[in-house]
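None of the values given here were measured: they were computed from a predicted structure.
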Number of protein chains: 2
Amino acid sequence: MVNQHATAATKARILDAAENLFADNGFRGTTLRAITTKAGVNLAAVNYHFGSKEDLLAAVLDRRLGPLNRQRLAKLDQVLAAAAKTGRLPAPRDILHAFFEPTLRFRESEPGARACITIITRAITSAETIVRDEFLKQIEPMGRRLLAAMQAAYPGLPSHKLYMQTRFCLAAMQPLMMEDNMARMAPPDFKLPHELDRQLDILLDFCCQGLGNNHD
Amino acid sequence: MVNQHATAATKARILDAAENLFADNGFRGTTLRAITTKAGVNLAAVNYHFGSKEDLLAAVLDRRLGPLNRQRLAKLDQVLAAAAKTGRLPAPRDILHAFFEPTLRFRESEPGARACITIITRAITSAETIVRDEFLKQIEPMGRRLLAAMQAAYPGLPSHKLYMQTRFCLAAMQPLMMEDNMARMAPPDFKLPHELDRQLDILLDFCCQGLGNNHD
DNA sequence: GTCTATAGATTGATAGAC
DNA sequence: GTCTATCAATCTATAGAC
């Protein structure tokens with residue numbers, strides 16, 4: 001029988017180190033040596049426990065995106081169920097809130113989560129095929145559900161317009177997902193609102209006004 | 001005296017090859033061998049003509065961003081001058097149009113320009129320090145001017161809110177700057193409007209409604 | 001200016017002892 | 001499971017012939 005405690009601890013240390021290094025330096029910019037040194041484990045440990053560097057990336061993403069997506073889906077289902085109960089269309093603001101709020105809350109929950117959010121913020125535009133593909137695999141069902149909810153909220157709208165606007169909303173979240181990115185180009189006196197809910201309000205106001213009445 | 005024709009042609013071929021490869025595979029994912037092979041020049045040519053791989057990246061960005069930024073600034077100045085002449089506040093839509101329109105038009109002007117737009121779309125969130133820094137160096141004056149114009153358009157608005165909203169607008173442009181990105185997660189029947197002006201309208205409608213009346 | 005050849009450093013991965 | 005040692009395959013950059 002294997003030493004499960006040692007295994008679990010070593011794997012976790014590797015995941016933590018890799019997560020932070022991938023966030024700071026990207027996938028290609030991070031070496032197995034950097035990861036294992038930071039984790040305080042042997043160079044061979046990554047290949048022993050995960051198989052390869054690519055499989056390690058998949059594990060890094062999976063560990064965080066699994067729970068996060070379950071949260072987002074639960075909130076979304078709640079919104080849709082509540083709307084169905086009252087016989088009204090679901091509110092776009094509630095739908096977007098079900099996606100944005102868990103994401104930004106999760107980001108503040110733990111340094112590792114913050115690092116992972118940095119990785120996935122980059123992932124959609126990444127030139128690193130593995131990062132992009134692994135992220136898309138994890139996000140696709142969520143994206144489909146979100147889009148379906150938006151279509152339910154705007155039954156009359158041409159689907160291409162709704163899809164574009166939904167993508168604009170998701171893209172608009174990017175500066176809040178990468179705070180140091182937000183800091184770049186900021187005027188010298190800029191202070192991001194300290195309260196997460198305030199940040200969320202400003203983003204949701206922007207997106208929902210952007211979506212507008214939208215029944216033209 | 002050097003052979004200026006040969007030099008200019010070789011440099012251009014290297015720039016073209018590098019631009020496309022950086023767009024496809026990122027900076028780190030592109031080797032000098034791949035660049036020189038694609039350009040049909042010798043491996044040593046990059047270091048001879050540009051000094052280093054990093055200096056080549058700077059040259060790739062500079063060649064396109066120089067003219068593009070001049071276009072954007074000229075349009076922005078036009079908007080501000082026209083507003084000053086009539087004594088009215090500049091219209092947010094005109095300001096954003098001065099930034100968005102040259103960008104997306106430029107992207108359609110030439111395959112190389114399209115590749116370069118892909119590079120700069122990724123640059124703001126890039127984990128590759130050189131890409132990010134080189135881009136920021138080129139975009140910073142433009143960003144400052146844009147933000148100043150937005151402040152002129154919304155004189156009463158708290159500056160942190162205006163800055164955030166402006167960043168949301170810039171981020172929202174991302175899906176239109178990377179078309180294949182837009183295609184990912186799209187519903188099977190999705191067709192991006194063929195006309196650039198139509199794409200622009202949808203984006204500008206979204207952003208300007210998002211910015212809203214905004215004098216609270 | 002262009003070329004070949006190669007230096008010098010790093011990389012992901014693995015074999016095999018413990 | 002952990003370790004050392006190492007392989008084979010990269011890479012950027014450059015020296016020096018033409």
Side-chain angles (χ1 to χ4, degrees), chain A residues 1-22 24-61 119 126-134, chain B residues 1-61 119 126-131 133-134:
Chain A
M1 178 183 172
V2 296
N3 182 343
Q4 292 185 357
H5 288 295
T7 295
T10 297
K11 288 184 78 163
R13 292 159 63 86
I14 291 172
L15 286 170
D16 289 340
E19 178 166 70
N20 281 292
L21 288 167
F22 288 157
D24 288 344
N25 309 315
F27 180 74
R28 274 198 149 102
T30 302
T31 67
L32 291 183
R33 279 165 182 80
I35 294 169
T36 52
T37 300
K38 181 162 188 160
V41 302
N42 188 268
L43 170 61
V46 165
N47 283 279
Y48 178 78
H49 289 284
F50 295 95
S52 71
K53 190 185 175 188
E54 300 197 0
D55 291 337
L56 171 58
L57 172 70
V60 165
L61 292 178
I119 299 172
S126 181
E128 301 176 323
T129 318
I130 310 129
V131 177
R132 208 177 50 221
D133 289 351
E134 202 57 50
Chain B
M1 179 182 172
V2 296
N3 182 342
Q4 292 186 357
H5 288 293
T7 293
T10 297
K11 288 184 78 163
R13 293 160 62 86
I14 291 173
L15 286 171
D16 289 340
E19 179 166 67
N20 281 292
L21 288 166
F22 289 156
D24 288 343
N25 309 316
F27 180 74
R28 275 196 147 102
T30 302
T31 67
L32 292 182
R33 277 169 182 79
I35 294 169
T36 51
T37 300
K38 180 162 189 159
V41 303
N42 187 268
L43 171 60
V46 166
N47 282 280
Y48 177 78
H49 287 285
F50 296 94
S52 71
K53 190 185 174 186
E54 300 197 0
D55 291 336
L56 171 59
L57 172 70
V60 164
L61 291 178
I119 299 171
S126 179
E128 301 176 325
T129 317
I130 310 129
V131 177
D133 290 351
E134 202 57 49

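We find the CD-CG distance between A/Glu128 and B/Asn25 to be 10.5 Å, quoted to the nearest 0.5 Å.
A search for side chain to side chain donor-acceptor pair (under 3.5 Å) contacts involving B/Asp55 returns B/Ser52, not counting sequence neighbours. Remark: B/Glu134 pairs with no residue by the side chain to side chain donor-acceptor pair (under 3.5 Å) rule, at least two apart or across chains. Not a single side chain to side chain donor-acceptor pair (under 3.5 Å) links A/Asn20 to another residue, sequence neighbours left out. Taking the side chain to side chain donor-acceptor pair (under 3.5 Å) definition, one finds that B/Asn47 meets it with nothing, sequence neighbours left out.
B/Lys11 has its NZ atom 11 Å from the P atom of C/dT2, to the nearest Å. The CG-P distance, from A/Asn25 to C/dT10, rounds to 15 Å in whole Å. Put simply, CZ on A/Arg13 is 14 Å from C1' on D/dG1, counting in whole angstrom units. The distance between atom CG of A/Asn42 and atom C1' of D/dT2, rounded to the nearest whole Å, is 6 Å. At whole-Å resolution of the value, CZ in B/Phe50 and C1' in C/dT2 are 15 Å apart. Atom-to-atom, CD of A/Gln4 to P of D/dT2 comes out at 13 Å; the value is rounded to the nearest Å.
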Can you give me the N/O atom pairs linking the protein to nucleotides 13-18 of chain D at distances under 3.5 Å, or say none if there are none?
{"from": "D/dA13", "atom 1": "OP2", "to": "B/Lys53", "atom 2": "N", "distance (Å)": "3.1"}

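An OP1 or OP2 oxygen of D/dT2 is reached within less than 4.0 angstrom by a side-chain nitrogen or oxygen of A/Thr10.
Of the candidate nucleotides D/dG1, D/dT4, C/dG1, D/dG1 has the atom lying nearest to any side-chain atom of A/His49.
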Using atom types as modelled, flag every donor-acceptor pair under 3.5 Å from a side chain in residues 26-36 of chain A to any protein atom, sequence neighbours excluded.
{"from": "A/Thr30", "atom 1": "OG1", "to": "A/Leu21", "atom 2": "O", "distance (Å)": "3.1"}
{"from": "A/Thr30", "atom 1": "OG1", "to": "A/Gly26", "atom 2": "O", "distance (Å)": "2.6"}
{"from": "A/Thr31", "atom 1": "OG1", "to": "A/Ala34", "atom 2": "N", "distance (Å)": "3.0"}
{"from": "A/Thr36", "atom 1": "OG1", "to": "A/Leu32", "atom 2": "O", "distance (Å)": "2.9"}
{"from": "A/Thr36", "atom 1": "OG1", "to": "A/Arg33", "atom 2": "O", "distance (Å)": "3.3"}

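Nucleic acid contact for A/Thr30: sugar-phosphate only, since backbone atoms but no base atoms lie under 4.0 Å from a heavy atom of the residue.
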